[in-house]
Amino acid sequence: MTVVGPFGLSVRDQALEADVQAGLAAVEEGLLEATKSEVPFITEAAQHLVRAGGKRFRPLLVMLAARFGDPYAPGIVPSAVVVELTHLATLYHDDVMDEATVRRGVPSANVRWGNSVAVLTGDFLFARASHILADLGPEAVRVQAEAFERLVTGQILETAGPSDGRDPVDHYLDVLAGKTGSLVAVSCRFGALMSGADESVVDVLTQYGERLGVAFQLADDVLDIASDSHESGKTPGTDLREGIPTMPVLRLRERAARLGLAEDVALCELLASDLTDDARHAQALAALRAHPALEQARRDTVRFAEEARAALAPLPECDVKAALTELCDAVVHRAG
């Protein structure tokens, strides 16, 4: 049993491990090349998060999905670079919207250089991703464009909030499917598509990626509440401070509305108050960590991870399928 990737993913086949590691190393080189500019300052800003590291979750999925076809096909590494560049670009934009101060254990770009530079750097990364896509063919461009539309739609839905009468949890799951699930699904789709895998396999892996992506974000929601900054690489409770309701908060509100318990209502009121105050923020974070709503959010994570696992059922039993299945376990493990 050997290990590959950022989650302690177990891989039984040493040749598979070596190939995946080589692919991820090539992606890393591709990211550094794609973020170079003739303007040194742009290079510095564009490589800020690349050099800070990261899980490279999406490129890992590209590499694994490619094993169902020709894993050495020329479009695989570039498509992995595209999805990671797109993801990185959204992080620059998200940190501006959330007024985040830390990302991947380093000062966020908006703190270091200001909001304008952070937004424009994200745009630069989108442009570089599009440039690479142009060489991968019209189908790749279409797939990425559809995913990007869903990603932006998810962000708008989050900003607008649920419409009257819409269940907030259902609305939030739609947000996650767009903001996170879409790009994780594309990672799996690109890997299978670029490798020439059968269309049925491409569809199965896309469905798997969609559900895994939602589980991954739900795990992040739990991690944002339950972890310290060393574990998550960013300031705990960032969404709480900004008043962004993630799954633990939504489950708390749901419980408060259903049971009407005084302590639940009081915590909801605290979360709705001005949490830019450090003492109040710390109080809210501690209370939510001890609340059953956090455990409910963990169960939500498990549910979507199990759906991802079930989506793999049509695939033949092999080491790659086992690795994809273990990724479901790894995502759940992140949520505790």
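This one's a predicted model, so the numbers in the text were calculated from it and none came from an experiment. Just the heavy atoms: all of them, side chains too, but no hydrogens, waters or symmetry mates, feed the values below.
- Put simply, Val222 and Leu212 are part of two different groups of oily side chains (I, L, V, M, F, W, Y) that touch within less than 4.5 Å, one to the next.
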Practice task
Would you sort out whether Leu176 and Met247 count as a side chain to side chain contact (heavy atoms under 4.5 Å, CB included), showing the intermediate values?
Solution key: CA-CA 10 Å; Leu176 297 192; Met247 188 60 85; 5.6 Å; no
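- Under the 3.5 Å distance criterion, the side-chain polar atoms of Thr35 are matched with a main-chain donor or acceptor of Leu32.
- Nearest heavy atoms, Val83 versus Pro59: CG2-N, 4.5 Å.
- Side-chain contact annotation: Tyr92 with Asp123, donor-acceptor N/O pair under 3.5 Å absent.
- Side-chain heavy atoms closer than 4.5 Å link hydrophobic residues (I, L, V, M, F, W, Y) into clusters, and following such links, even through other members, never connects Val152 to Val175.
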Practice task
Test side chain to side chain donor-acceptor pair (under 3.5 Å) on Thr276 and Asp274 and set out the steps.
Solution key: CA-CA 6 Å; Thr276 59; Asp274 181 10; 2.5 Å; yes
Exercise for the section: Before giving the answer on side chain to side chain contact (heavy atoms under 4.5 Å, CB included), spell out for Val332 and Arg309 the whole-Å C-alpha distance, their side-chain angles and the decisive distance to 0.1 Å. Expected result: CA-CA 12 Å; Val332 169; Arg309 184 199 307 273; over 6 Å; no
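- Leu271 is listed as a side-chain neighbour of Val249, based on a closest heavy-atom distance under 4.5 Å.
- The backbone N or O of Leu205 lies less than 3.5 Å from no partner atom in the side chain of Arg189, so there is not a single donor-acceptor pair.
- With contacts defined as side-chain heavy-atom distances shorter than 4.5 Å, the pair Leu294/Arg251 does not qualify.
- Met97 is listed as a side-chain neighbour of Thr159, based on a closest heavy-atom distance under 4.5 Å.
- Two different hydrophobic clusters hold Leu49 and Leu120 under the rule that ILVMFWY side chains link at heavy-atom gaps under 4.5 Å.
- Under the 4.5 Å side-chain criterion, counting only non-hydrogen atoms from C-beta, Arg56 is in contact with Glu28.
- Interatomic distance, CZ of Phe190 versus CD1 of Ile76, reported as 12.5 Å (0.5 Å rounding).
- Nearest approach of Ala34 to Val81, heavy atoms of both residues: CB-CG1, 4.4 Å.
- Not a single donor-acceptor pair under 3.5 Å links the side chain of Asp70 to the backbone N or O of Ser195.
- The side-chain heavy atoms of His171 and Asp174, taken from C-beta on, include no pair separated by under 4.5 Å.
- The main-chain N or O of Ala330 is never found under 3.5 Å from a side-chain atom of Arg334 such that the two would form a donor-acceptor pair.
- Distance CD/Gln144 to OG/Ser182: 9.0 Å, rounded to 0.5 Å.
- Side chains of Gln283 and Arg280: a donor-acceptor N/O pair is absent below 3.5 angstrom, by distance only.
- Smallest separation of non-hydrogen atoms from Leu61 and Ser187: CB-CB, 4.2 Å.
- For the pair His48/Thr121, no side-chain contact is recorded, criterion being any heavy-atom separation below 4.5 Å from C-beta on.
- Ion pair Asp94/Arg103 not flagged as a salt bridge, since none of the NZ, NE, NH1 or NH2 atoms sits closer than 4.0 Å to an Asp/Glu carboxylate oxygen.
- The pair Glu146-Arg150 does not meet the salt-bridge criterion, since no charged nitrogen lies less than 4.0 angstrom from a carboxylate oxygen.
- Between Phe41 and Trp113, the two ring planes are perpendicular [angle over 60°; tilted spans 30° to 60°].
- Atoms CD1 and CG, on Ile225 and Leu288 in that order, are 4.5 Å from each other to the nearest 0.5 Å.
- For CD of Glu306, the number of neighbouring non-hydrogen atoms (other residues, nucleotides, ligands) closer than 6.0 Å is greater than 12.
- For the atom pair Leu324 CG and Arg67 CZ, the distance stands at 11.5 Å (nearest 0.5 Å).
- Transitive grouping of hydrophobic side chains (ILVMFWY, heavy atoms separated by less than 4.5 Å) keeps Leu133 and Val202 in distinct clusters.
- Using a 4.0 Å cut-off between a side-chain N of Lys or Arg and a carboxylate O of Asp or Glu, Asp221 and Arg298 do not qualify as a salt bridge.
- The main-chain N or O of Val184 is never found under 3.5 Å from a side-chain atom of Arg58 such that the two would form a donor-acceptor pair.
- Across all non-hydrogen atoms, the minimal contact from Ala215 to Ala305 is CB-N, 3.7 Å.
- When only modelled atom types and interatomic distance are considered, Glu158 and Gln155 share a side-chain donor-acceptor pair under 3.5 Å.
- How far CD1 of Ile132 is from OG1 of Thr86: 9.0 Å, rounded to the nearest 0.5 Å.
- Under a hydrophobic-cluster definition in which Ile, Leu, Val, Met, Phe, Trp and Tyr are linked whenever side-chain heavy atoms come within less than 4.5 Å, directly or via other members, Val117 and Ile42 are assigned to the same cluster.
- Other residues, nucleotides and ligands contribute more than 12 heavy atoms inside 6.0 Å of the CD atom of Glu139.
- Put simply, the side chain of Asp167 gets close to the backbone of Val169: a donor and an acceptor are under 3.5 Å apart.
- Nearest heavy-atom pair across Val204 and Ala311 is CG1-O, 3.2 Å.
- Taking OH of Tyr208 as the reference point, atom CG of Leu327 lies at 4.5 Å (rounded to 0.5 Å).
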Practice task
Start with the C-alpha distance between Thr90 and Leu183, add both sets of side-chain angles, then the distance that settles side chain to side chain contact (heavy atoms under 4.5 Å, CB included), and finish with yes or no.
Solution key: CA-CA 11 Å; Thr90 65; Leu183 196 56; 5.7 Å; no
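- Inter-residue side-chain proximity for Val141 and Leu136 is flagged as unmet; no heavy-atom pair is nearer than 4.5 Å.
- The backbone N or O of Arg303 sits nowhere less than 3.5 Å from a side-chain atom of Arg211 that would complete a donor-acceptor pair.
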Handout entry: Intermediate values then yes/no, side chain to side chain contact (heavy atoms under 4.5 Å, CB included), Met63 and Asp19
Key = CA-CA 8 Å; Met63 296 301 137; Asp19 280 352; over 6 Å; no
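- Looking only at distances, a side-chain donor or acceptor of Thr43 sits under 3.5 Å from a matching main-chain atom of Ser37.
- Side-chain N/O atoms of Asn110 and Ser108 include a donor and acceptor closer than 3.5 Å.
- Closest approach of Leu151 and Lys179 over heavy atoms only: CG-O, 3.9 Å.
- In this structure, the side chain of His281 engages the main chain of Gly237 through a donor-acceptor pair within 3.5 Å.
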